[in-house]
Colleague: 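Sharing a structure here in structure tokens format.
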2 protein chains.
Amino acid sequence: MDQHNNNQDQISEGTRKGKSPVRLSREAVVGLALHIADKEGIDAVSFRRLANDFGVTPMAVYRHVRSKDDLLDAMTEQMLASFDTSAVRETDWRDQVRGLLYALRQVLLDHPSGRVLLSRRSLPEANRLKLFEASLGILRGAGFEPREAFFIFEHFLNQVVSLVVAGDGYVQGSEEERQVWGAQLLEFYGGLPQQEFPWLVEAAPNIAACVDKDSHFKFGIDLLLAGVEAIAVSMRSKNHSAGEQKRAPR
Amino acid sequence: MDQHNNNQDQISEGTRKGKSPVRLSREAVVGLALHIADKEGIDAVSFRRLANDFGVTPMAVYRHVRSKDDLLDAMTEQMLASFDTSAVRETDWRDQVRGLLYALRQVLLDHPSGRVLLSRRSLPEANRLKLFEASLGILRGAGFEPREAFFIFEHFLNQVVSLVVAGDGYVQGSEEERQVWGAQLLEFYGGLPQQEFPWLVEAAPNIAACVDKDSHFKFGIDLLLAGVEAIAVSMRSKNHSAGEQKRAPR
DNA sequence: ACCTGAACACCGTTCAAGT
DNA sequence: ACCTGAACACCGTTCAAGT
């Protein structure tokens, strides 16, 4: 997290006037953009805003970044640079998967804008490719067919992303903002007419407490892995009769 | 789907000049907005665009819609109006759940903008509340605790949304656009260096064929329900020793 | 090579005014 | 009640210049 502040610490003090024009670099531009996105939301990132913070004209930014799409791709890459892939060295595939999911979670906790970045439609670059490849390797090693492995990976990604942002409670802003939103949710759902919405009224505290991320995340991952295990088992019984596969999931 | 054309058929022919000023209504505004969002993507929806299509000044739209947020909320509601809730009358909770998930899928297939609409952070209105309430009721009836029921519902929603948009292959545009994107994916992943990315090269056809929505959706729902079943079973065994619950999942 | 300045075609939203 | 017109503070991006 702190490594992204470096770029900004050299600049900071807001709208500097004309002097010591801090030569831009792609890394600095992307670093500041990611920092702004994480602290103020992805919508706060604009060429004009970046230029302003750098004390430079909007068009100067274009020398280091081809377009907004390019900028967002680069932000995704820089974010994933901190991804901890050490879990691939576990021996059991379940531990490998769990490890990667928790590593991805950590990235998303450090970078609230990650949800938006990861759900953009674009071709992945180096870091994202490595994550993708490692995951497929684990699932193929566990005995899943290419198709299943891909589907399962996709669901892993979706699941982690949506678990971290905690569904309804998703806020890319500050901790305080999230508290306020939680209070609003509690008031809203708790105040619904009880005859018409008995289950919603009952669930109101749980809906509002979506801030309780740890247990929420664990529940979701357990749910997902339970499903994957079940599929693995049913695959193994199918292979028993068909037997066209090299390795069955253990 | 066609009911949204009604509003537009009266207007159409693009930028009409001054005459027969078609009195706006909230329903007409929201209907056209949803229609534009589904055909051209959510970003194509703007007050200026709506005003232009209606042959009216941008500010006229504000008489029927308080703000952009209000407009998006209303679009979500109008979209969910076509939600088929008949599945709640099934007898087994698994069938009820499956039915609702497939009904939601249908809504999202009819409305490509639904993904964006449903992942906005806002308090739900009537139609969305009813869907939420019905789902909780089913899960509570199946014996899940309020907290689990809420978590599971959340995952259902996330799962359906992300399954329908098919992860990487998500395109809110036309069928043709999706084909193009699929071809790009195939070329990209298929063309990666095989030593470095063996699993990605192998999976390339599957990644590109994410257009194959039916089997993809079925796989995801099966995965999710397998996980839920497993949780239900482990809950039942826990209750065996604790026994603090009214009903256990059957 | 790197940055500036002006322009184009867009946004959401406010405010005062017309009918 | 419903719509207009002008304005404010924003967008991404292009193009022709400056140094």
Side-chain angles (χ1 to χ4, degrees), chain A residues 7 10-11 14-34 36-37 40-76 113 116-117 120-122 172, chain B residues 7 10-11 14-34 36-37 40-76 113 116-117 120-122 172:
Chain A
N7 296 323
Q10 297 163 14
I11 306 140
T15 39
R16 53 158 63 207
K17 279 302 172 63
K19 287 315 105 195
S20 65
V22 182
R23 49 200 152 305
L24 302 214
S25 70
R26 185 174 167 92
E27 213 199 339
V29 166
V30 174
L32 178 57
L34 190 55
I36 292 173
E40 304 174 38
I42 199 89
D43 288 342
V45 175
S46 76
F47 283 86
R48 285 170 162 91
R49 164 67 188 274
L50 288 169
N52 190 56
D53 282 15
F54 277 119
V56 104
T57 214
M59 287 308 96
V61 180
Y62 268 89
R63 283 296 129 186
H64 305 94
V65 114
R66 264 191 315 279
S67 65
K68 185 93 188 248
D69 265 328
D70 183 38
L71 174 61
L72 294 170
D73 284 346
M75 289 164 67
T76 311
S113 56
V116 185
L117 293 176
R120 287 176 59 246
R121 194 199 72 184
S122 71
Q172 27 182 27
Chain B
N7 297 323
Q10 298 163 13
I11 307 139
T15 38
R16 52 158 65 205
K17 280 301 172 62
K19 287 314 106 197
S20 65
V22 185
R23 50 199 151 305
L24 302 214
S25 70
R26 186 174 166 92
E27 212 199 342
V29 166
V30 174
L32 178 57
L34 190 55
I36 293 173
E40 304 174 37
I42 199 90
D43 288 342
V45 176
S46 75
F47 282 87
R48 285 170 162 92
R49 164 67 188 275
L50 289 169
N52 190 56
D53 282 15
F54 276 120
V56 106
T57 215
M59 287 308 96
V61 180
Y62 269 89
R63 283 295 130 188
H64 304 94
V65 113
R66 263 191 316 279
S67 65
K68 185 95 187 247
D69 265 327
D70 183 36
L71 175 61
L72 293 170
D73 284 347
M75 289 164 67
T76 310
S113 57
V116 184
L117 292 176
R120 288 175 58 245
R121 195 200 71 185
S122 72
Q172 29 180 27

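Atom set for the values below is all heavy atoms of this structure, side chains included, hydrogens, waters and symmetry mates excluded.
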Colleague: I would like to know whether Ile36(B) and Met75(B) meet side-chain contact (heavy atoms from CB on, under 4.5 Å); could you show each step before the answer?
Modeller: CA-CA 11 Å; Ile36(B) 293 173; Met75(B) 289 164 67; over 6 Å; no
Colleague: Atom CZ of Phe54(B) and atom C1' of dC2(D): how far apart are they, to the nearest Å?
Modeller: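 Going from CZ in Phe54(B) over to C1' in dC2(D) covers 15 Å.
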Colleague: Starting at CG of Leu50(A), measure out to OH of Tyr62(A) and round the result to the nearest 0.5 Å.
Modeller: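 Here the interatomic distance stands at 11.0 Å.
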Colleague: Give the rounded distance in Å between these two atoms: CG of Leu71(A) and C1' of dG12(D).
Modeller: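 Atom CG in Leu71(A) sits about 12 Å away from atom C1' in dG12(D).
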Colleague: Please find the pair of heavy atoms, one from Thr76(A) and one from Arg120(A), that lie closest to each other, and give the distance.
Modeller: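 Closest approach of Thr76(A) to Arg120(A): OG1-NH1, 4.3 Å.
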Colleague: Where do Ala33(B) and Leu71(B) come nearest, in terms of heavy atoms and distance?
Modeller: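 Scanning both residues, the minimum pair turns out to be CB-CD1, 3.9 Å.
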Colleague: Whole angstrom is fine here: how far is it from CG in Leu50(B) over to P in dC3(D)?
Modeller: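 These atoms are roughly 14 Å apart.
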Colleague: Is there a side-chain polar atom (N or O) of His64(A) under 4.0 Å from OP1 or OP2 of dC3(C)?
Modeller: yes
Colleague: Taking 4.0 Å as the cut-off, does a side-chain nitrogen or oxygen of Thr57(A) come that near to OP1 or OP2 on dC3(C)?
Modeller: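 No, because none of the side-chain N or O atoms of Thr57(A) sits under 4.0 Å from OP1 or OP2 of dC3(C).
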Colleague: Between dC10(D) and dA9(C), how many Å separate the two P atoms, rounded to a whole number?
Modeller: 22 Å
Colleague: For Arg63(B) and for Ser46(A), find the nucleotide of DNA chain D with the closest heavy atom, then tell me which residue's nucleotide is more 5'.
Modeller: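 Taking each residue's closest nucleotide, the earlier one in sequence belongs to Arg63(B).
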Colleague: Test your reading of the model: is there a side-chain donor-acceptor pair from Ser46(A) to the backbone of Arg49(A), 3.5 Å cut-off?
Modeller: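 A pair under 3.5 Å: yes.
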Colleague: To the nearest 0.5 Å, tell me how far Asp73(B) CG sits from Arg66(B) CZ.
Modeller: 8.5 Å
Colleague: Do side-chain atoms of Lys68(A) reach the backbone of Val45(A) as a donor and acceptor pair under 3.5 angstrom?
Modeller: yes
Colleague: In terms of side-chain heavy atoms of Val56(B), which of dC3(C), dG12(D), dC3(D) is nearest?
Modeller: dC3(D)
Colleague: Can you name the atoms? Protein N/O to nucleotides 13-15 of chain C N/O, anything below 3.5 Å, with the distance.
Modeller:
residue, atom, partner, partner atom, Å
dT13(C), OP2, Tyr62(B), OH, 3.0
dT13(C), OP2, Lys68(B), N, 2.9
dT13(C), O5', Tyr62(B), OH, 3.3

Colleague: Which helical stems does DNA chain C take part in, if a stem means at least 3 consecutive Watson-Crick or G-U pairs with both distances below 3.5 Å?
Modeller: C:4-8 with D:12-16, C:12-16 with D:4-8
Colleague: Using a 4.0 Å heavy-atom cut-off, does Val65(A) contact any base of the nucleic acid, only the sugar-phosphate backbone, or nothing at all?
Modeller: nothing
Colleague: When you compare the side chain of Ile42(A) with that of Leu72(A), does any pair of heavy atoms fall below 4.5 Å?
Modeller: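 Of all side-chain heavy-atom pairs linking Ile42(A) with Leu72(A), at least one is under 4.5 Å.
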Colleague: Could you tell me the separation between the CD atom of Glu27(B) and the CG atom of Leu32(B), rounded to the nearest 0.5 Å?
Modeller: 12.5 Å
Colleague: Once you round it to whole Å, what is the distance between C1' of dG12(D) and CG of Leu72(A)?
Modeller: 12 Å
Colleague: Could you tell me whether Val45(A) contacts a base, only the sugar-phosphate backbone, or nothing, with contacts defined as non-hydrogen atoms closer than 4.0 Å?
Modeller: sugar-phosphate
